[in-house]
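First the structure, in the form of structure tokens, and then the observations on it.
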Amino acid sequence: MRHRQILDKLAARGLVQALDEELARWVREQMAYPVSSYAELERAVIPPILVRWRCLLDADDASPATKHVAWVALATLLHKYGFRDEAITSMALAAVDELNRHVVLSDAFERQSPAVKSLLRSTPAPLTRRPRLPRNVTFLRPGDVLSIELSGRFHAAYVRDLHGINEFPVIEFYTGTFAQPPTPAQLESRDAARDHGRARFGVVGMTCLPDPAGQVRAIAAQHRQAPRGADPLPGRGLWQLTDILNLQRDLRRLFGDADGESCGHVE
């Protein structure tokens with residue numbers, strides 16, 4: 001049984017592709033830092049991925065079947081990249097049983113479930129080279145307003161521009177955090193958040209709406225009112241380059257939120 005065979009049988013192409021590309025990009029970045037062991041690399045890779053995807057895995061509005069598929073996909077892809085987390089593996093093994101009990105997937109998946117479980121229980125082979133970098137692409141558009149969840153709090157951002165030819169969005173955050181996704185009315189005449197003059201980020205990997213991980217949600221499209229405030233000061237840069245996983249660290253810095261898991265290697 002190969003990883004691709006398992007992933008293909010999950011019948012969730014968009015979710016699998018999004019998670020696979022995120023892991024490839026994130027593992028590649030973390031492997032660029034010196035580490036004392038593969039276990040240290042594993043500790044840098046897994047927590048930020050889990051924080052982001054828990055927006056789906058713990059969501060009240062996601063179906064049990066979708067969550068089960070996501071657990072299996074997460075465990076399988078981590079194994080593909082040379083990692084294994086006991087808690088994630090346990091959830092994935094239970095998810096396999098639930099998918100079969102409710103006849104969610106094909107007969108072939110049920111027949112091959114013992115082989116699926118055997119692979120997930122096995123010790124993965126550590127990577128010997130960095131994964132290939134996925135192509136940067138986004139389907140967001142200027143004027144989109146987004147809600148971005150982190151550790152149960154919601155942050156609002158405005159898509160200012162696109163970098164390159166639809167490579168990634170440049171977003172700017174509104175001030176304040178919310179207990180649930182804010183409405184456009186709540187953002188009327190709201191200032192831009194500021195951290196040493198910076199509130200704008202170019203976010204690689206912020207690709208799709210709806211977001212398969214459930215972390216990024218659309219609030220409005222073609223919105224005319226961006227966060228209020230002057231452009232960044234000369235010499236400070238128009239925006240800061242980041243990615244969908246490092247953005248979690250950026251949000252904690254911007255809004256002073258120290259909760260949640262660590263986000264890989266911090267510069």
Side-chain angles (χ1 to χ4, degrees), residues 17-33 48-49 51-53 55 130-150 154-175 177 187 190-213 215-257 263-267:
Q17 180 178 342
L19 183 52
D20 195 1
E21 290 181 356
E22 280 183 26
L23 269 168
R25 188 181 293 111
W26 186 238
V27 171
R28 179 184 174 88
E29 177 179 336
Q30 300 308 309
M31 288 181 72
Y33 296 94
I49 286 283
V51 167
R52 170 163 152 73
W53 283 82
C55 297
R130 297 165 70 191
R132 181 178 299 176
L133 195 64
R135 183 172 69 97
N136 292 333
V137 63
T138 185
F139 298 104
L140 276 66
R141 292 294 178 264
D144 287 345
V145 182
L146 313 172
S147 168
I148 302 174
E149 183 181 355
L150 179 63
F154 296 85
H155 310 77
Y158 181 86
V159 179
R160 282 275 186 182
D161 198 4
L162 300 181
H163 179 73
I165 302 177
N166 298 337
E167 290 182 7
F168 56 82
V170 177
I171 65 175
E172 182 171 31
F173 284 94
Y174 295 86
T175 56
T177 61
L187 303 178
R190 188 175 286 263
D191 292 337
R194 285 286 183 262
D195 173 29
H196 298 94
R198 295 174 306 200
R200 301 180 186 181
F201 299 87
V203 188
V204 174
M206 186 175 279
T207 301
C208 297
L209 286 178
D211 174 18
Q215 187 178 40
V216 182
R217 307 185 190 191
I219 298 174
Q222 299 181 334
H223 198 63
R224 295 184 178 182
Q225 191 172 78
R228 296 192 314 175
D231 287 336
L233 297 174
R236 296 277 181 91
L238 293 177
W239 44 269
Q240 176 182 340
L241 182 64
T242 188
D243 60 52
I244 191 65
L245 289 168
N246 277 312
L247 185 65
Q248 298 176 146
R249 175 199 61 193
D250 299 325
L251 281 170
R252 294 186 184 106
R253 289 177 176 173
L254 186 60
F255 292 95
D257 180 7
C263 193
H265 293 277
V266 179
E267 299 173 2

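For the numbers below, each heavy atom of this structure counts, side chains included, while hydrogens, waters and symmetry mates do not.
The distance from atom CG of L150 to atom CG of L251, rounded to the nearest 0.5 Å, is 6.0 Å. Rounded to the nearest 0.5 angstrom, R252 CZ and L247 CG are separated by 10.0 Å. The line from CD1 of I49 to CG of L19 is 6.0 Å long, rounded to the nearest 0.5 Å. How far CG of L146 is from OH of Y158: 11.0 Å, rounded to the nearest 0.5 Å. Put simply, OG1 on T242 and CD on Q248 are 9.5 Å apart, with the number rounded to the nearest 0.5 Å. Annotation: the span from N136 atom CG to N166 atom CG amounts to 11.5 Å, rounded to 0.5 Å.
Counting only distance, with no hydrogens or angles, the side chain of R28 and the backbone of P131 share a donor-acceptor pair below 3.5 Å.
T138 approaches P169 most closely through the heavy-atom pair OG1-CD, 3.7 Å. Closest approach of H223 and Y174 over heavy atoms only: CD2-OH, 4.0 Å. Here the shortest heavy-atom pairing between L245 and E22 reads CD1-O, 4.3 Å. Nearest heavy-atom pair across F168 and V203 is CB-O, 3.3 Å.
Counting heavy atoms from C-beta outward, R25 and E29 have side chains that stay 4.5 Å or more apart. Side-chain contact between F173 and I148 is present, with heavy atoms from C-beta onward closer than 4.5 Å. Between W26 and N246 the shortest side-chain heavy-atom distance falls below 4.5 Å. Looking at L162 and R141, their side chains come closer than 4.5 Å, going by heavy atoms from C-beta outward. At a threshold of 4.5 Å between non-hydrogen side-chain atoms, the residues D161 and W239 do not count as touching.
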For residues 205-212, run the donor-acceptor check on the side chains, cut-off 3.5 Å, and write out each pair with its distance to 0.1 Å, sequence neighbours left out.
residue, atom, partner, partner atom, Å
T207, OG1, V137, O, 3.1
T207, OG1, G205, O, 3.4
D211, OD1, R52, NH2, 2.9
D211, OD1, A213, N, 3.2
D211, OD2, R52, NH1, 2.9
D211, OD2, Q215, N, 3.1
D211, OD2, V216, N, 3.0

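Every side chain to side chain contact (heavy atoms under 4.5 Å, CB included) that E172 has, sequence neighbours left out, goes to R160, A192, R194, A199, R200, P227.
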